[in-house]
Amino acid sequence: MIKDTKEQELEAKVQKIFMPNNHGPKISVYGTAVASSMGSERDGAVFTVQKLYRLAENANKYAYAAVCAQGTDRDRRAYTIEEKEENVLMSNGAVTLDVPTDALLELLSLALVKEAKQQETANIHEYMAEKFSSNS
């Protein structure tokens, strides 16, 4: 089987990832980083780092890690996310949820609308498009 250049690049970047987790056991996986984000709230009190990895074992499985820091306090969250036919399996290592994809996308859009309103954004649709395109 001949692999394209992109597949070869992804395989070359596979690494062991250790994700600390205050809400379940530490999650360790093999994967490739596909997106990351860093930012702080308007007042600068909370700093957040988020990372998304595609797992080496399955192209439809991901790992997501988020760390929120406020002063010396840290809230660490880690999840595995697996796309199934019409559902998404999400686990923090302690609890697994099996959620219909449509419901998950609806929740995401509601969260983005709320965030856009908090940011006092005039055009919510432009804000949502910008948020989605920033990690593609």
Side-chain angles (χ1 to χ4, degrees):
M1 181 173 132
I2 298 174
K3 296 181 182 180
D4 65 20
T5 307
K6 189 165 188 151
E7 276 185 271
Q8 291 172 346
E9 287 175 10
L10 286 175
E11 284 182 8
K13 295 178 184 178
V14 170
Q15 58 186 331
K16 178 96 180 198
I17 301 149
F18 299 97
M19 299 183 300
N21 188 7
N22 297 115
H23 306 278
K26 175 176 69 176
I27 295 177
S28 300
V29 295
Y30 285 95
T32 305
V34 293
S36 64
S37 170
M38 284 189 255
S40 61
E41 299 293 324
R42 283 184 177 211
D43 60 7
V46 179
F47 183 75
T48 303
V49 176
Q50 301 175 80
K51 295 185 180 183
L52 181 67
Y53 303 92
R54 178 174 288 123
L55 301 192
E57 68 192 55
N58 181 341
N60 292 328
K61 196 167 184 180
Y62 298 85
Y64 169 79
V67 178
C68 296
Q70 185 171 17
T72 58
D73 294 333
R74 303 283 183 273
D75 180 39
R76 297 171 179 93
R77 296 174 184 264
Y79 304 92
T80 57
I81 304 162
E82 184 173 4
E83 296 177 86
K84 296 286 189 178
E85 300 229 351
E86 294 183 16
N87 290 0
V88 177
L89 289 175
M90 299 173 290
S91 177
N92 68 355
V95 176
T96 300
L97 298 176
D98 187 357
V99 180
T101 303
D102 291 343
L104 186 60
L105 291 173
E106 185 176 338
L107 286 172
L108 175 61
S109 67
L110 291 172
L112 287 171
V113 167
K114 182 178 178 183
E115 184 178 292
K117 287 179 180 176
Q118 290 174 342
Q119 300 290 329
E120 299 173 7
T121 302
N123 188 327
I124 291 173
H125 297 291
E126 285 180 16
Y127 180 81
M128 290 174 68
E130 178 184 317
K131 289 299 253 185
F132 281 120
S133 68
S134 67
N135 279 322
S136 54

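Computed from a predicted model, the values in this text were never measured in an experiment.
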Contacts of type side-chain hydrogen bond (donor to acceptor under 3.5 Å, both in side chains), residue Lys51, not counting sequence neighbours: none

Spatial distance of atom CD (Glu82) from atom OH (Tyr62) [nearest 0.5 Å]: 11.0 Å

Run the side-chain donor-acceptor check on residues 14-21: report pairs under 3.5 Å with partners two or more places apart or on a different chain.
from: Asn21; atom 1: OD1; to: His23; atom 2: N; distance (Å): 3.1
from: Asn21; atom 1: ND2; to: Pro25; atom 2: O; distance (Å): 3.3
from: Asn21; atom 1: ND2; to: Asn92; atom 2: O; distance (Å): 2.8

Taking all heavy atoms of [X] and all of [Y], pick out the closest pair and write down the distance.
X: Ala59; Y: Arg54; result: O-NE, 3.6 Å
X: Asn60; Y: Asn58; result: N-OD1, 2.7 Å
X: Phe47; Y: Ser40; result: CD1-CB, 4.1 Å

Do [X] and [Y] belong together in a cluster built from hydrophobic side chains that touch within less than 4.5 Å?
X: Val34; Y: Ile27; answer: no
X: Met90; Y: Leu52; answer: yes
X: Val95; Y: Tyr79; answer: yes

Could you list the donor-acceptor pairs under 3.5 angstrom formed between side-chain atoms of residues 97-108 and any protein atom two or more places apart in sequence or on another chain?
from: Asp98; atom 1: OD1; to: Asn87; atom 2: ND2; distance (Å): 2.9
from: Thr101; atom 1: OG1; to: Glu86; atom 2: O; distance (Å): 3.3

Distance-only donor-acceptor check, side chains Glu57 and Tyr30, under 3.5 Å: no

Worked verdict on Tyr53 versus Val29 for side chain to side chain contact (heavy atoms under 4.5 Å, CB included): CA-CA 9 Å; Tyr53 303 92; Val29 295; 5.5 Å; no

